[in-house]
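So that the names make sense, note that chain A is the first sequence line, chain B the second, and so on, each numbered from 1. Just so it is clear, the values below take in all heavy atoms, side chains as well, and ignore hydrogens, waters and symmetry mates.
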Amino acid sequence: MDKVYDPHTVERKWYSFWNEKNLFRADSQSGNPPFCIVIPPPNVTGVLHMGHALNNTLQDISTRFKRMAGFNALWLPGTDHAGIATQNVVERELQKEALTPEMLGRDGFTERVWEWKERSGGLIIEQLKRLGCSCDWSRERFTMDKGLSRAVREVFVKLYEEGLIYRGDYIINWCPRCKTALSDLEVEHEDTKGHLYHIRYPLADEQGYLIVATTRPETLLGDTAVAVNPGDERYGRFVGKHVILPIVDKKIPVIGDSYVDTSFGTGVLKVTPAHDLNDFEIGKRHKLDVVKVIDDDGRMNERALHYEGMDRFECRTKIIEELQAKGLFERIEDYPMGVGRCYRCKTVVEPSLSLQWFVSMKRLAEPAIEAVREHRVRIVPEMWEKVYFEWMENIKDWCISRQIWWGHRIPVWYCDHCGKMYVSREEPKTCQECGGSLRQETDVLDTWFSSGLWPFSTLGWPDKTDDLDAFYPTSVLITGFDILFFWVARMIMMGLHFMNDVPFRDVYIHALVRDAEGKKMSKSKGNVIDPLLVMDQYGTDAFRFTLAMLAAQGRDVLLSEERIEGGRNFVNKIWNASRLTFALLENIGPVEGAEQSSFLPDKWIRSRCRKVAREVADAIDTYRYSDAAHQLYNFIWHEFCDWYLELIKPVLYGKVSGADRAATGRVLQETFRDIVTLLHPFMPFVTEELYQRMSDKKSASVMIAPFPEGNDSEADERSEGEMDVIFGVIDAIRNIRGEMAVAPNQRVDVLIRAERERALIEEYAYFIKELAKIEKMAFTETKPERSAIGIYKDVEIFVPITDTEVIHRELARIEKELTKIQGEVTRIGKKLQNRDFREKAPEEVIRKEEAAHGELLSRQEKLIGNRTRLEGILGR
RNA sequence: AGGCGCGUAGCUCAGUGGGAGAGCGCUACCUUGACGCGGUAGAGGUCAGGGGUUCAAUACCCCUCGCGCCUACCA
């Protein structure tokens, strides 16, 4: 084995090994309890980024753990067709060939997208495999495949029949770049520095004008009224009169509507029902005309007079110029405002009146709110429940139609002749009313419409399948908070509505990955760390383990190369520990028939290992991945490597007479196997490599090795307590050596004064001497004069001092510690004298404080004793 | 505007109603027969500030300041 672990040589081989052995596969007929996760399907256009890496690492940890713990584990993978994103990608590709979608036509274009999908769409799946994901690839799904498309149609038709889907004219968010409607969630809000323009609208029947304040002067061309608050003393009298709409020179009414805020702007509101949600509502109340002046491509249309064909933002400037020229411009002031942008292409979204399809949400939301309130779906961390409720309780109808070609085409047909509409699972041939020919609706559905069905459509719905029986509801959904509304909430609503049961029992919401400065990683900021490069450079296992360590609940994950380096060092540490372990075991030969060891370090490490196994299992089960990883890190590095391996070296090298080498070898072997097994969910590749090298492996793969049973009742508290004494004594001696600047390789003599612990220390004297680098160790009844003192509980350790300069150093050290102790003694002493404390604090706390107080006093006394002796030597 | 979250060692972060922790960084020493991607020891904190509840607060409540995020139809 190499001195340094090389991930590249081992990682490749094991993934195909698992695959060939069919270890990823779940069985719907299995008698084992089910555990199921459906993957948040990445976009087919996607390449693996840090968010995916974290998300899928956590899913894999849970899945691998549950599989090893005896569950019938299914991690169901797949990808999302990502309507707008994918269409954009293919459009860009066409551009290179000087083609447009229009030139290919709808069928030609979608064919191109499928081609593209077959060619490049599998990239992210391959990257997930590199990450080590143990998905059941035989069940991989795609939101546009036959089965899922059928599920989409079924849901659309059912909801329509139930009156929960409707079509109508409403103000929606329009992206002039993508040329499609967007749902409210697909609009990103951004604070920008805007302006408030004050414009004069001349009165029609008398002198003067009303001054209107607006952030969007270009929409003036579509104004059909001016509104004031009817109770406004300044303007009330104008209600019912008219003003002349500037530039257009058209008479429009002044209306009274309580929506108008008298304290905002001038108190006069221009009303453009076709380009503003509130104006639209006002327009409905007052039956106003609706004049659309901006086209689907963001340019002014024929209703915009001489501005026809001009870009909406250029028009804004020109309109102001024209108003100034006409003396109708009052003034301009800075005004911070929110601008909506398309989440795909960042173009400023245009609120626009449009005929679209909607899902009526209220009735669907109510049971979904209940389900979370009653914890039939448990959201972890709980804090996200509030966010969920907040949104669900104020939910608005969902615009689901998109004016693009890539996606599930809405299953609605219109008769060319009589206009009758058919909503149907199967394509109707001709109009039943008049026999006329039918044309299918050209719009497709929002991608999230099909994603919302994912937990049951992937398991075979609408058919009744074994998979649905076995795995629905799924166990847990693991995802980031950024798609809580987009996806999680909708799955809960759809699952309840169509399956009559929640889609998953738990939702674990993990943090976002950010850079070391806490900034969101983005290509434009140039602060992205590419997970694939990281895996190349540091190894997949190191990367995964680092992510798990950083994935504390409810916090952002700040990733830096230094952290990953730490992960790599840990993997390397394990690698080297295994080199030693294998060498030691080979050295002593077979250990299978060995006796149960009575060697204290053996009993101690077994006890610790069982506890850690238990804690790791608990932590993964409750999504505390970071806790689990830290437990393992500390146990393996600081207990197994730093202490245990060092303690057993002399035994296994045959330097301790009377030791049962085989018994200790057996414990080493068992413990090492446990460690590798416990680590496997976190670092699948090295652990498989090491497992396969073991002479005592229990399964064909560590992937299906039983997860070590942790059991607190088997904890060996007595052995742990005794080891603490040994550790305490060694630490005390090392501390003195360090403080007195004794070189690490220089052996020292020590005298030990102990009563109760004497037998134990004597028994393990050899090990103490080895680990603390002691030449001669002896016991004493009296306190030697010329020595430095180390204390562990009642045990006093003396290291003789020869040099006067060292005496001064020791005195300084004692002084420093005494100061610290004095503070503590005073603090606890006060507490113990407090009558309220003695009366009201729990018995246990009082005893604990008394014990601490006593120990401090005894330590203080010992230190003072030594100080007095040393000062005596110096003749003070 | 409302909501949520966060301010703990130089940096990044855990943590808990009763003796302040980790990783990295830093200092000193060390080729101890697995590992320098290592070992041993060490320095470093009024747990943002103020008030309250409590025998006891870094932790629970309120306020202030600073930072981040989400939701929102005030033009």
Does B/G17 have a Watson-Crick or wobble partner in any strand here, with both distances under 3.5 angstrom, and which is it?
none
Grab the CG-P distance between A/L652 and B/A34 for me, whole Å please.
12 Å
Please name the nucleotide paired to B/G5 by Watson-Crick or G-U wobble geometry with both distances under 3.5 Å, or report none.
B/C67
Please give the distance between the C1' atoms of B/G17 and B/C60 as a whole number of Å.
8 Å
Taking the minimum atom-to-atom distance to the side chain of A/E824, which one of B/U40, B/G19, B/C4 wins?
B/G19
Using the P atom in both, what is the distance from B/U64 to B/A22, to the nearest Å?
36 Å
Determine the contact category for A/P351: base if any of its heavy atoms lies under 4.0 Å from a base atom, sugar-phosphate if only primed atoms, P, OP1 or OP2 are that close, otherwise nothing.
nothing
When you measure from the side-chain N and O atoms of A/K816 to the phosphate of B/A43, is any distance below 4.0 Å, counting only OP1 and OP2?
yes
In whole Å, what separates the P atom of B/G45 from that of B/G5?
31 Å
For atom NZ of A/K573 and atom P of B/C37, their distance in whole Å:
12 Å
Pick out the pairs of N or O atoms, protein on one side and nucleotides 23-25 of chain B on the other, that lie under 3.5 Å.
none

Identify all pairs in which a protein N or O lies below 3.5 Å from an N or O of nucleotides 29-33 of chain B, and state each distance.
{"from": "B/G33", "atom 1": "O6", "to": "A/K655", "atom 2": "NZ", "distance (Å)": "2.3"}
{"from": "B/G33", "atom 1": "N1", "to": "A/K655", "atom 2": "NZ", "distance (Å)": "3.0"}

Listed nucleotide nearest any side-chain atom of A/R734, set B/C55, B/C70, B/A41:
B/A41
Of the candidates B/C55, B/G19, B/U40, the side chain of A/D836 sits closest to B/C55
Ion pair check, A/E817 and A/R813, cut-off under 4.0 Å
no
Got a second to check how far A/K649's NZ is from A/T664's OG1, nearest 0.5 Å?
15.0 Å
In whole angstrom, give the distance that lies between atom CZ of A/R624 and atom P of B/C13.
21 Å
OP1 or OP2 of B/C35 less than 4.0 angstrom from a side-chain nitrogen or oxygen of A/Y5, does that happen here?
no
Any donor and acceptor pair, going by atom type alone, linking the side chain of A/R563 with main-chain N or O of A/M549 inside 3.5 Å?
no
Please check if the side chain of A/R544 supplies one atom and the backbone of A/L54 the other of a donor-acceptor pair under 3.5 Å.
no
Contact class for A/D6 vs. all strands (heavy atom < 4.0 Å): base, sugar-phosphate, or nothing?
nothing
Can a salt bridge be assigned to the pair A/R568 and A/E561 using a cut-off of 4.0 Å between side-chain N and carboxylate O?
no
Is the backbone N or O of A/N572 less than 3.5 Å from a side-chain atom of A/N576, with the two atoms forming a donor-acceptor pair by type?
yes
Cut-off 3.5 Å, side chains only: do A/Y259 and A/N278 have a donor facing an acceptor?
yes
Expected output: side-chain A/D276 to main-chain A/T272 donor-acceptor under 3.5 Å:
no
What's the gap between B/G68 and B/G10 when it is taken at their C1' atoms, as a whole Å value?
23 Å
Take the angle between the ring planes of A/Y343 and A/F486 and call it parallel below 30°, perpendicular above 60°, tilted in between.
parallel
Whole-Å distance between B/G2 P and A/W391 CH2?
23 Å
Do A/Y388 and A/F485 have their ring centres less than 6.0 Å from each other?
no
Closest to side chain of A/A841, choosing from B/A34, B/C35, B/C55
B/C55
At 4.0 Å (heavy atoms only), tell me whether A/K396 reaches a base, stays on the sugar-phosphate, or touches nothing.
sugar-phosphate
Nearest whole angstrom, please: distance from the C1' of B/G21 to the CG of A/D627.
13 Å
Determine the contact category for A/V260: base if any of its heavy atoms lies under 4.0 Å from a base atom, sugar-phosphate if only primed atoms, P, OP1 or OP2 are that close, otherwise nothing.
base
Can you tell me the Watson-Crick or wobble partner of B/C60, both distances under 3.5 angstrom?
B/G52
What distance, rounded to whole Å, do you find between the two C1' atoms, one in B/G44 and one in B/A20?
13 Å
Determine the Euclidean distance between corresponding P atoms of B/U12 and B/C30; express it in Å to zero decimal places.
34 Å
Where does the angle between the aromatic ring planes of A/F358 and A/Y170 fall among parallel (under 30°), tilted (30 to 60°) and perpendicular (over 60°)?
perpendicular
Closest listed nucleotide, where the reference is the side chain of A/D191 and the choices are B/G19, B/C35, B/A72:
B/A72
A/K848 NZ to B/A56 C1', straight-line distance once rounded to whole Å
13 Å
A/C641 vs A/D261, nearer the 5' end of RNA chain B by closest nucleotide
A/C641
Could you check whether A/E839 gets within reach of a base, just the sugar-phosphate, or nothing at all, counting any heavy atom under 4.0 Å?
nothing
Please determine, for B/G23, whether a Watson-Crick or G-U wobble partner exists with both distances under 3.5 Å, and give it or none.
B/C11
Strictly by Watson-Crick or wobble contacts shorter than 3.5 Å, is anything paired with B/C47, and which nucleotide is it?
none
Considering just the side-chain nitrogens and oxygens of A/N576, establish if one lies under 4.0 Å of OP1 or OP2 belonging to B/G38.
no
Enter the distance from A/W384:CH2 to A/F481:CZ here, rounded to the nearest 0.5 Å.
4.5 Å
Which nucleotide in B/G19, B/A75, B/C4 has an atom nearest any side-chain atom of A/L269
B/A75
Quick one: CZ on A/F570 to CH2 on A/W637, what's the gap to the nearest 0.5 Å?
7.5 Å
RNA chain B nearest-nucleotide lookup for A/D184 and A/D731: closer to the 5′ end is A/D731
When we call it a touch if two heavy atoms are under 4.0 Å apart, what does A/N735 touch: a base, just sugar-phosphate, or nothing?
sugar-phosphate
NA contact type, A/V4, heavy-atom cut-off 4.0 Å: base, sugar-phosphate, or nothing?
base
What is the nucleic acid contact for A/K3, judged by heavy atoms within less than 4.0 Å: base, sugar-phosphate only, or nothing?
sugar-phosphate
A/A577 side chain, from C-beta outward: closest of B/U40, B/A34, B/C55
B/A34
I need the CD-C1' distance between A/Q631 and B/A22, as an integer number of Å.
12 Å
Nearest to the side chain of A/E739, which nucleotide is it out of B/G19, B/C55, B/A41?
B/A41
Students often get this wrong, so: under 4.0 angstrom with heavy atoms, is A/R568 touching a base, only sugar-phosphate, or nothing?
base
Do we see a donor-acceptor contact under 3.5 Å between the side chains of A/H853 and A/E824?
no
Pairwise C1' distance for B/G2 and B/A72, with rounding to whole Å
8 Å
Over all strands shown, is A/F280 touching base, sugar-phosphate only, or nothing at heavy-atom distances under 4.0 angstrom?
nothing
When rounded to the nearest Å, what value does the distance between P atoms of B/C26 and B/G33 take?
26 Å
Both distances under 3.5 Å, Watson-Crick or G-U wobble: report the partner of B/U40, or none.
B/A28
I'd like to know if A/E390 reaches the base of B/A72 with its side chain such that a donor and an acceptor end up less than 3.5 angstrom apart.
no
If you look at every strand shown and take non-hydrogen atoms under 4.0 Å, does A/Q746 touch a base, only sugar-phosphate, or nothing?
nothing
Can you tell me the base-pairing partner of B/A72? Count Watson-Crick or G-U wobble geometry only, both distances below 3.5 Å, and say none if there is no partner.
none
